[in-house]
Structures are given as C-alpha cells and as structure tokens.
Amino acid sequence: MIPQTQRTRNDGIRNVAIIAHVDHGKTTLVDGMLRQSGIFHEHEALVERVMDSNELERERGITILAKTTGVRYRGVKINIVDTPGHSDFGGEVERALTIVDGVILVVDASEGPLPQTRYVLMKALEAKLVPILVINKIDRPDARIQEVLNEVYDLFIDLDAAEDQLDFPVIYTIARDGVAKTSLDDASTNLRPLFEAILERIPAPVGDPDDTLQVLVANLDYSDYLGRLGICRIVSGRLRLGDEIGIVKLDGSLQRTKITKLYSFEGLSRIDETVGMPGDVLAIAGVEGITIGETITDPDSPRPLPPIQIDEPTISMLFMVNTSPFSGKDGSYVTSRHLRERLEKELLTNVSIRVEPGERPDSFKVMGRGELQLAILMESMRREGYEFAAAKPEILTRTAGDVILEPIELLVVDCPESYLGVIMEQLGIRKGKLTKMINHGSGRVRIEFHVPTRGLIGLRSELLTDTRGTAILNSLFHGYSPWQGEIPMRSTGSLVSDRAGRVTGYAVFNLQERGVIFVTPGTDVYEGMIIGENARPQDIDVNIVRDKRLTNIRASTSDEAIRLIPPRILNLEQAMEFIRDDELMEVTPSSIRMRKKILAANQR
Ligand SMILES: Nc1nc2c(ncn2[C@@H]2O[C@H](COP(=O)(O)OP(=O)(O)OP(=O)(O)O)[C@@H](O)[C@H]2O)c(=O)[nH]1
Ligand SMILES: [Mg+2]
C-alpha cells in the first residue's frame with residue numbers, strides 16, 4: 001500500500017548549524033569550509049572570519065547574529081548556520097536550530113566544555129538533532145584532547161542524551177589551518193573528513209513536495225538593494241516563484257501575497273531560484289512586513305507551523321528620552337517617537353529582546369538575556385545617530401505564590417590557584433554557592449558557582465582587577481530560586497559636578513586624590529554630571545571647572561600634563577555596571593556620560 005503522504009528524502013541537501021561556547025572556533029571553521037568548497041579561487045583573498053560581517057562583530061571579534069551560508073561538496077548542497085557563542089545571544093542559536101537537521105558541536109581542545117557548550121548542546125538534544133563533535137584547536141600547546149573528549153561524553157550523559165545521540169562521530173580539527181582528522185594520527189591536510197562526516201551522519205531533510213506548503217520563517221536579513229529578507233526552511237510542499245501564497249502572521253491572521261524573489265545561499269552570494277523543495281533553506285525578498293516565526297503556506301487551506309519557542313529575558317533596562325542639558329547636541333534621533341520606532345524595529349529581528357512601555361510615556365523597558373546583549377543594542381543605536389538615557393540594569397524577578405524568585409546563573413571561573421581565596425571572597429559577598437571545584441593540576445583551577453544574576457553585574461571587572469587579568473569568567477542562566485537577600489553593590493560614591501563649565505587641569509589635579517576621575521580637561525560638564533568615583537561611600541559635589549592659575553601648582557603647561565593621573569574613560573558596559581539606582585547613563589553618538597537622576601545639587 002502506498003502511504004497517503006509520502007515523506008520524500010531530499011538527498012541533495014544537508015542543513016547543519018555550528019554551535020559552541022564563545023571563541024571555540026566556529027566562524028574560523030566556516031571560513032575553512034568556504035575556502036575548501038571551491039567557491040573561492042585560490043588567489044582570492046578571503047578576510048578572516050568572513051561571516052562576522054557586521055561592524056560590531058569585526059570590532060569585538062565575536063559573532064552576534066546567526067548567519068547562513070551554503071557550500072557544495074561532492075554534489076551535495078550543505079547549508080551552514082554559523083551561530084554566536086556568547087550566552088547573551090543564545091536566542092540566535094535557538095532560532096538557528098529550527099532550520100537544521102544536525103549540529104556540529106565545536107569544543108576547544110584545551111578549554112573543554114564550558115557553560116555555553118552545555119546550553120547549546122542541551123538545545124540541540126532537545127530538538128532531537130544529530131550531533132557531530134569537533135574538537136578544535138588541537139594545535140594548542142596546552143591541548144588536553146583525550147580529557148576533553150571524556151568531558152564531552154560526560155556532558156552528553158549529564159544532559160540525558162538518547163542512546164543514538166551518544167553515538168556521535170568525533171573529528172579533530174585545526175580550524176585556523178583548515179585541517180580535520182578522524183583520528184589524531186590521520187595525515188589529512190584539509191577538511192574533507194569533516195565534509196564526509198556531514199554527508200554521512202547528518203540526515204538529509206525529509207518532507208513531501210506534494211503536501212500543503214509549509215515554510216518556516218526562521219531569521220531575517222537585510223540588504224540595501226533588496227530590503228528585508230526572510231530566511232526560511234521549506235518543511236513541505238513546493239515554493240514556486242510567482243505563486244500566490246498566504247503568510248500566517250504571529251497574531252494568526254492571513255496575509256495573501258506573491259513570492260517575487262527567491263534565493264539560495266552559495267558562499268557569500270545569493271543565487272536566484274525558481275522553486276524550493278522540502279529541506280531547502282532559502283531567502284525570500286519583497287514580502288512586506290515578514291517576520292520571524294511566521295509560516296508561509298497555502299492561502300486557501302493554511303497550515304501554520306508551531307511558533308518558535310525561545311527562553312525568556314532575565315534582565316531589563318529603562319531606555320528614555322535624554323533630558324540632560326546637553327540633550328540633542330549630537331544625536332539625530334532624540335524623541336520618544338524615534339526611540340519607540342527604533343526599538344520596534346529591533347523586535348523584528350531580535351527575538352530574544354522584549355520591550356514594554358515604561359512608567360512614563362517617554363520611557364521603554366527593554367528586556368534581554370544579559371548585559372552584553374543590551375550593550376550591543378545601545379552601541380548600535382548610538383552609531384545610527386540615536387541619543388537617549390538609560391537606567392541601571394535590573395534583574396527580572398518572578399513570583400510563585402508570595403515568594404519572589406530571582407534568576408540564578410551557573411558561573412564558571414578559571415584562575416590561577418593563587419587567586420582562589422580572592423574569588424571565593426568576592427563570590428561569597430555576592431551570594432555565590434560553590435558547586436564544584438576542579439584542579440587540572442596545571443596550576444589553574446576551575447570553580448563553579450550558582451550565583452544570583454544580579455551578583456554578576458560588575459563582577460567581571462572586579463575579578464579582572466583582583467586577579468591581574470588572569471581570571472576567565474563564563475556564565476549561563478541556570479534557573480530561578482527564591483530571592484537571596486541583599487547583595488551590597490559598589491562601595492564607593494560618585495564625584496558629581498556642582499556646576500556647568502569646562503573641566504580644567506587644575507581642578508582635576510586637586511580632586512584626583514579623592515578618587516578616580518572619568519573626564520579629561522577640556523570636557524564640557526553640567527551640574528549633576530558624574531565626573532569620577534569617590535573613594536568613600538557617599539557622593540560629593542565638586543567643582544571640576546575651577547580655574548585658578550596658582551603658580552606653585554603648575555609652573556608650565558607641560559608640568560600640568562605630567563602631574564595628572566590619566567582619567568579612566570568608561571565604555572558602555574563599564575558605565576552600565578557603574579551607575580546606581582539614582583543615576584543614569586547618557587548615550588549619544590559621540591559620548592557616554594553618567595549623571596544623577598536629579599541634577600540640581602540642592603534637590604538631591
Ligand atoms: N590555535 C588555534 N586557534 C584557533 C583555531 N581555530 C580558531 N582559532 C582562534 O580562536 C579565536 C576565536 O575564533 P572564532 O572563529 O571567532 O570563534 P567563534 O566560535 O566563532 O566565536 P564566537 O562566534 O564569538 O562565539 C580566533 O582568534 C581564532 O583565530 C585553531 O584551530 N587553533
Ligand atoms: Mg563566531
């Protein structure tokens with residue numbers, strides 16, 4: 001008997017996502033796959049980590065957005081999704097997993113599995129995706145390949161992997177050199193063993209081309225030339241250019257439209273296509289308002305796919321119109337309408353961000369997965385010409401009955417043994433509970449804690465100072481637990497300018513003993529602006545614009561330069577960590593300032 005709906009296997013395709021902890025080498029591995037698939041000619045220079053194409057990604061050397069590319073190997077089209085490894089961008093990974101049939105789990109041969117390895121693997125196993133393990137950076141002098149392999153097995157078992165998921169192939173790579181090996185004594189000099197493993201182990205997609213059209217819009221991209229692109233996976237049916245289709249919107253309504261542009265991914269380019277079959281990963285353009293999570297389907301008998309589920313945000317920040325005396329000086333977009341429209345636009349592409357109206361009409365509660373995610377959003381906005389104020393990040397609590405629950409993170413700290421005491425002390429203050437301590441015998445220890453998310457704010461900079469830059473911190477959302485009680489925050493106060501004017505070297509010289517100064521001579525300030533950190537707990541109002549030419553203080557202008565301690569100029573993330581409840585940060589295209597919420601000294 002012929003089954004009613006025939007599920008056809010599309011053998012010409014493999015869809016795979018590359019997942020890992022941050023910096024373990026995903027994007028570098030994709031470079032190698034692109035280079036070796038023959039898409040680029042030998043002489044064509046390819047920039048390093050070519051998929052990290054946006055400006056902030058290149059500057060910071062991290063992947064922020066998941067991106068799709070395609071290569072061909074032995075006649076098979078392999079669609080590859082490169083994902084970010086930083087935990088704040090976990091939403092990108094969750095989404096990427098909805099369009100693939102398998103994952104390449106990359107693990108650093110020295111660092112081994114870290115919190116985000118656990119997270120991404122957990123998501124992949126839950127989605128029943130087939131894994132291939134890649135142990136990367138086997139060239140590292142401190143590689144501990146066998147140990148790391150065992151740790152990965154332990155992780156799979158810990159995550160309750162099914163029997164067949166445990167049977168994953170292991171490939172050893174030096175992504176930077178484009179080399180993959182099936183065993184450590186394999187003489188391979190290219191990535192062929194990895195490509196072979198993908199063809200052999202990642203299942204070809206299945207789906208019936210004659211069934212009702214169902215296409216999941218899983219990601220968005222933007223092109224100056226084409227406008228908004230929807231990146232989709234065809235689940236069933238045929239998607240033909242020019243066909244009348246229906247889009248089931250997130251609110252359940254149906255939008256009738258036509259597909260006018262259809263593309264597949266080939267290296268860094270898009271190739272025109274006329275038809276898409278089940279399993280294909282394609283981009284469509286020219287569809288007004290298309291958004292992540294929608295289903296493209298038959299307009300006459302629509303069959304929507306289940307919505308994409310992703311984890312909830314854990315922290316929030318209030319964004320508001322900038323009301324400082326300097327507002328509007330260098331931003332092009334400064335009104336609450338500008339802010340609202342920009343945040344609404346962000347929601348279209350960034351599914352792990354939520355926005356709610358704030359208490360005041362000109363403020364917005366922006367919620368995300370972590371400080372870095374919110375910092376990246378603010379940084380993008382200021383570069384686009386936006387100007388606004390933002391309040392201290394807050395943790396999103398929940399309630400169960402009358403118990404307040406707060407988010408808890410799994411924190412892994414790697415540090416030299418000698419700093420163990422300092423780490424324990426700092427985490428103690430922040431209500432961290434030690435859960436595990438591993439000594440690899442290399443002089444470094446790995447310590448794991450469960451610690452309230454709010455205890456992590458400012459922790460990184462604190463520990464980097466305390467351990468002279470040697471501690472490595474990684475954290476991952478762990479769950480909710482009852483409110484852990486008060487955690488003392490910054491023990492210092494702010495130095496606050498008591499009047500408007502221009503900072504003088506003379507004033508800085510006189511104030512620098514009181515604490516750390518954040519401004520350079522020549523900077524314009526206003527009353528209520530924070531110009532430094534007081535060494536004592538309380539705030540003090542100071543005159544940072546005093547100009548008294550006392551000859552015994554500076555004999556000459558060059559003398560002045562010598563006597564001034566260089567200021568500490570805070571970047572966005574540092575300012576986010578510095579400000580307290582009664583303070584704001586002011587974000588503009590050219591500056592990041594901090595201020596008291598109430599500017600007038602006599603009203604505070
Ligand atoms: N020694 C060594 N270094 C490598 C290797 N592969 C990648 N790297 C380096 O590791 C660093 C991180 O590489 P990326 O490819 O950006 O890592 P990623 O996993 O994409 O990072 P995120 O996307 O930010 O999570 C870069 O400095 C690479 O040059 C390798 O095989 N050996
Ligand atoms: Mg990357």
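In each ligand, atom 1 is the first atom listed, and ligand 1 is the first ligand listed.
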Identity and distance of the protein heavy atom lying nearest [atom]:
| atom | value |
| --- | --- |
| atom 29 (O) of ligand 1 | Arg176 CD, 3.3 Å |
| atom 6 (N) of ligand 1 | Asn136 ND2, 3.3 Å |
| atom 27 (O) of ligand 1 | Arg49 NH2, 4.7 Å |
| atom 10 (O) of ligand 1 | Lys137 NZ, 3.0 Å |
| atom 1 (N) of ligand 1 | Asp139 OD2, 3.0 Å |
| atom 25 (O) of ligand 1 | Lys26 NZ, 2.8 Å |
| atom 17 (O) of ligand 1 | Gly25 N, 3.2 Å |
| atom 31 (O) of ligand 1 | Ala175 N, 2.9 Å |

Over all heavy atoms of both residues, which pair between Asn219 and Ala66 is shortest? Give the atoms and the distance, please.
ND2-O, 3.4 Å
Compare every heavy atom of Ile198 with every heavy atom of Met33, then report the nearest pair and how far apart it is.
CE-CD1, 3.5 Å
Using a strict threshold of under 4.0 Å (side-chain N to carboxylate O), is an ion pair present between Glu371 and Arg460?
no
Does the distance from a Lys or Arg side-chain N to an Asp or Glu carboxylate O, for Arg192 and Asp186, drop under 4.0 Å?
no
Which option, [options], owns the non-hydrogen atom nearest [atom]?
| atom | options | value |
| --- | --- | --- |
| atom 14 (P) of ligand 1 | Ile138, Thr28, Val106, Val22 | Thr28 |
| atom 12 (C) of ligand 1 | Thr173, Asp23, Ile18 | Asp23 |
| atom 24 (O) of ligand 1 | Thr27, Thr63, Asp52 | Thr63 |

Non-hydrogen side-chain atoms of Arg118 and Leu159 separated by less than 4.5 Å:
yes
Look at atom CZ of Arg446 and say whether more than 12 heavy atoms of other residues, nucleotides or ligands are closer to it than 6.0 Å.
yes
Check this for me: Glu48, atom CD, are more than 12 non-hydrogen atoms of other residues, nucleotides or ligands nearer than 6.0 Å?
no
So is Gly85 polar-close to ligand 1, meaning N/O to N/O under 3.5 Å?
yes
Backbone, side chain, both or neither: what part of Asp82 comes under 4.0 angstrom of ligand 1, heavy atoms only?
neither
Presence of N, O or S from Thr63 under 2.8 Å of the Mg ion (ligand 2):
yes
Would you say Thr27 reaches the Mg ion (ligand 2) with an N/O/S atom under 2.8 Å?
yes
Do the ring planes of His21 and His24 sit parallel (below 30°), tilted (30 to 60°) or perpendicular (above 60°)?
tilted
